[in-house]
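Numbers restart at 1 for each chain; the letters A, B, ... are given by sequence-line order, proteins then strands.
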Amino acid sequence: MDLKLYDTLSREKRVFQPIDPARVRMYVCGPTVYDYAHIGNARPVIVFDVLYRMLRQIYGADHVIYVRNITDVDDKINARAAERGISIGELTRTTYENFKNDVKALGCLPPTVEPRATEHITEMKTLIERLVASGHAYVADGHVLFDVPSMPDYGRLSNRSLDEMIAGARVEVAPYKRDPQDFVLWKPSKPGEPSWPSPSGIAEQGRPGWHIECSAMSWKHLGETFDIHGGGIDLVFPHHENEIAQSRCSFHTPFMAHTWMHNGFLQVEGEKMSKSLGNFFTIHDLLQDWPGEVLRFNMLRTHYRQPIDWTLKGLEESYATLRHLMGEGTSAAPQFAPGVIEALSDDLNTPKAIAELHALHARGESEALAGSLAALGFTQRPRSRREVDKTQVEALVAQRLAARKVKDFAESDRIRDALTAMGVILKDSKDGTTWEVAP
RNA sequence: GGCCACGUGGCGGAGUGGUGACGCAGCGGACUGCAAAUCCGCGUACCCCGGUUCAAUUCCGGGCGUGGCCUCCA
């Protein structure tokens with residue numbers, strides 16, 4: 001069965017054909033490690049994890065390379081470290097550890113490689129030197145800038161012509177730029193900022209611009225060209241556009257990645273997530289109240305390219321649905337059932353895949369269901385975070401059973417009400433009474 | 001202002017040029033001492049206006065609405 005993926009560059013769904021099926025290569029833009037990642041950041045992580053799992057099933061686990069970078073040099077990092085009075089190294093290290101734990105709780109597999117920007121300064125400088133040598137970049141006032149007009153088809157990914165961008169420019173243009181759209185590859189470091197010896201004959205120390213790191217790391221770990229490049233839709237311009245410019249002009253290739261994939265944005269309760277509206281949630285915050293599987297499921301209920309409205313109601317539904325689907329927690333080896341992989345093969349149609357899970361459930365195909373759930377990253381039935389005293393509950397359940405036996409229903413219902421108040425839900429059947437903790 | 005998405009029943013959310021997915025909620029029934037859970041069954045939709053067509057929710061054009069990018073934010 002063909003895997004079809006929507007490509008932002010060509011604006012169409014296309015059959016995915018790896019450049020080398022023995023070595024399928026995917027690059028996804030990862031976090032800037034200055035603070036806890038928010039729930040919007042979790043979307044690409046989860047979406048591309050599903051794609052990673054699919055690719056592993058299709059091409060074999062050893063034939064897929066998934067690179068997700070860590071941006072550990074950035075103005076926000078510098079500012080935050082200074083604010084907290086800790087070193088940049090300490091900030092990026094602890095933030096990354098938190099990120100890793102959060103993402104693991106969301107059921108995401110670790111990528112094959114998680115390269116750090118600061119460990120690829122050499123590669124960045126090599127690219128910069130190449131771009132300067134080939135006339136695609138120039139040195140000005142201690143900076144190295146990419147010469148955008150030197151690339152005739154710049155702007156194809158975001159569908160912007162050079163003229164449009166000049167017309168739309170509303171930011172003050174730095175005086176050292178030859179063209180308003182030229183972007184920074186390397187810039188001087190101020191005292192106290194991280195710095196490295198500069199490329200291209202610049203005497204003072206400096207640091208890389210934002211975009212160059214992804215060109216450098218994808219090159220190092222995947223090669224000059226590769227199969228899939230992913231990220232949030234907000235990265236289309238300027239970030240990915242500039243990556244393409246850097247990589248293609250460095251290597252003189254007609255493309256950087258075959259398929260460009262971008263996930264849609266997330267809103268919270270119908271509003272833009274922002275700290276001022278008080279609806280800003282980190283993954284870490286949400287994990288205090290919800291099992292990671294529920295957050296993951298909630299994310300996959302919506303197709304990745306659609307906007308998603310993150311709501312409490314949605315989370316409650318996801319919790320109930322997942323518990324329903326996972327029954328008593330049957331486990332199986334990860335294996336997508338045919339209907340599920342078919343849905344996913346159509347540009348990662350996860351809502352349709354979930355409908356298939358319901359169909360498997362209805363048909364009682366528990367092995368296929370459990371295998372598909374596991375393949376999608378759901379291995380544990382979500383459990384309530386509520387704490388109950390198990391001994392006390394068991395005692396009350398036994399008392400209630402005794403009362404029912406002698407048909408003392410008033411007492412029986414009183415005990416049930418008491419248990420309900422404690423957050424315990426009873427389930428009577430002819431085989432006896434079981435109980436579970438309410439969400 | 002420019003570019004780009006999206007707009008489906010009470011809610012979430014697929015999909016299709018012509019028999020109205022799926023889930024949640026709701027309603028009816030079975031089961032139960034009564035409930036819950038479970039099982040069976042039921043209803044309601046395709047933003048607006050044109051156009052193409054035998055036929056449009058699905059294609060085309062316009063409008064309205066929401067969101068994103070154009071400011072190193074997924």
Side-chain angles (χ1 to χ4, degrees), chain A residues 8 11 28-32 37-48 71 73-76 155 157-161 163-172 181 183-184 187 208-214 230-242 262-267 270-274 298 300-309 311 313-325 327 343 346 349-359 361-362 403-404 407-410 412-413 416-417 419-420 424-430 433-436 438:
Chain A
T8 308
R11 274 159 258 279
V28 175
C29 288
T32 300
H38 60 67
I39 190 63
N41 295 312
R43 194 169 190 191
V45 174
I46 294 171
V47 163
F48 291 104
T71 299
V73 50
D74 174 270
D75 285 343
K76 287 195 293 289
L157 183 73
S158 54
N159 195 28
R160 284 156 218 257
S161 71
D163 298 341
E164 273 166 15
M165 283 180 282
I166 293 164
R170 59 183 203 197
V171 202
E172 201 178 323
Q181 321 155 75
F183 58 91
V184 170
K187 55 191 169 186
W210 175 37
H211 314 297
I212 194 68
E213 62 172 81
C214 287
I233 194 160
D234 57 319
L235 292 180
V236 171
F237 189 89
H239 187 52
H240 289 166
E241 197 72 76
N242 291 350
H262 295 95
N263 61 273
F265 243 61
L266 174 145
Q267 283 186 281
E271 291 188 290
K272 184 173 179 170
M273 179 165 69
S274 76
N298 196 238
L300 297 178
R301 293 202 313 162
T302 303
H303 181 88
Y304 77 94
R305 283 193 283 124
Q306 292 279 71
I308 185 172
D309 189 14
T311 62
K313 192 178 175 211
L315 285 166
E316 286 166 351
E317 260 188 55
S318 293
Y319 180 88
T321 304
L322 199 49
R323 284 184 61 87
H324 173 76
L325 286 173
D346 184 12
N349 193 334
T350 50
K352 198 172 182 186
I354 290 170
E356 285 298 323
L357 298 179
H358 283 292
H361 182 79
R404 287 184 70 202
K407 302 219 186 296
D408 183 355
F409 297 122
S412 155
D413 290 350
R416 185 170 63 199
D417 290 344
L419 284 165
T420 303
V424 171
I425 295 168
L426 295 175
K427 290 198 237 178
D428 294 331
S429 76
K430 29 188 183 308
T433 296
T434 58
W435 60 277
E436 64 183 33

If you pin V236(A) and T321(A) to their nearest nucleotides in RNA chain B, which one's is more 5'?
-> T321(A)
Using the closest heavy atom to pick a nucleotide of RNA chain B for each, name whichever of A359(A) or N263(A) lands nearer the 5' end.
-> A359(A)
Just how far, in rounded Å, is [atom2] of [N] from [atom1] of [X]?
X       : N       : atom1 : atom2 : value
E241(A) : rG68(B) : CD    : P     : 21 Å
E316(A) : rA25(B) : CD    : C1'   : 12 Å
E356(A) : rG15(B) : CD    : P     : 13 Å
I233(A) : rA5(B)  : CD1   : P     : 8 Å
H324(A) : rA36(B) : NE2   : P     : 17 Å
I308(A) : rG13(B) : CD1   : C1'   : 11 Å
D74(A)  : rC72(B) : CG    : C1'   : 7 Å
H262(A) : rC3(B)  : NE2   : P     : 20 Å

My understanding is that a pair needs two contacts under 3.5 Å, Watson-Crick or G-U wobble. By that rule, which nucleotide pairs with [N]?
N       : answer
rA36(B) : none
rC69(B) : rG2(B)
rC42(B) : rG26(B)
rA14(B) : none

Checking all strands, does [X] fall into the base, sugar-phosphate, or nothing category for heavy-atom contacts under 4.0 angstrom?
X       : answer
R11(A)  : nothing
H239(A) : nothing
K76(A)  : sugar-phosphate
L266(A) : base
L426(A) : base
R301(A) : sugar-phosphate
T32(A)  : nothing
G209(A) : nothing
G231(A) : sugar-phosphate
D75(A)  : base

Is a donor-acceptor pair below 3.5 Å formed from side chain [X] to base [N], judging by atom type as modelled?
X       : N       : value
T311(A) : rG12(B) : no
K187(A) : rC72(B) : yes
D428(A) : rA37(B) : no

Please tell me which of the listed nucleotides, rA14(B), rC73(B), rG33(B), lies nearest to the side chain of D413(A)?
->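 In terms of side-chain proximity for D413(A), the closest of rA14(B), rC73(B), rG33(B) is rG33(B).
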Shortest side-chain distance from A355(A), nucleotide among rA14(B), rC73(B), rC22(B) |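 So the side chain of A355(A) is nearest to rC22(B).
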Say whether, by atom type as modelled, one donor and one acceptor occur between the side chain of Q267(A) and the main chain of D309(A) under 3.5 angstrom.
->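 Checked: no pair found.
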Once you round to the nearest 0.5 Å, how far does [atom1] of [X] lie from [atom2] of [Y]?
X       : Y       : atom1 : atom2 : value
T433(A) : R416(A) : OG1   : CZ    : 10.0 Å
F48(A)  : N263(A) : CZ    : CG    : 5.5 Å
E213(A) : D74(A)  : CD    : CG    : 8.5 Å
T311(A) : E317(A) : OG1   : CD    : 8.0 Å

Ignoring backbone atoms, establish whether Q306(A) has a side-chain N or O less than 4.0 Å from OP1 or OP2 of rA14(B).
-> yes
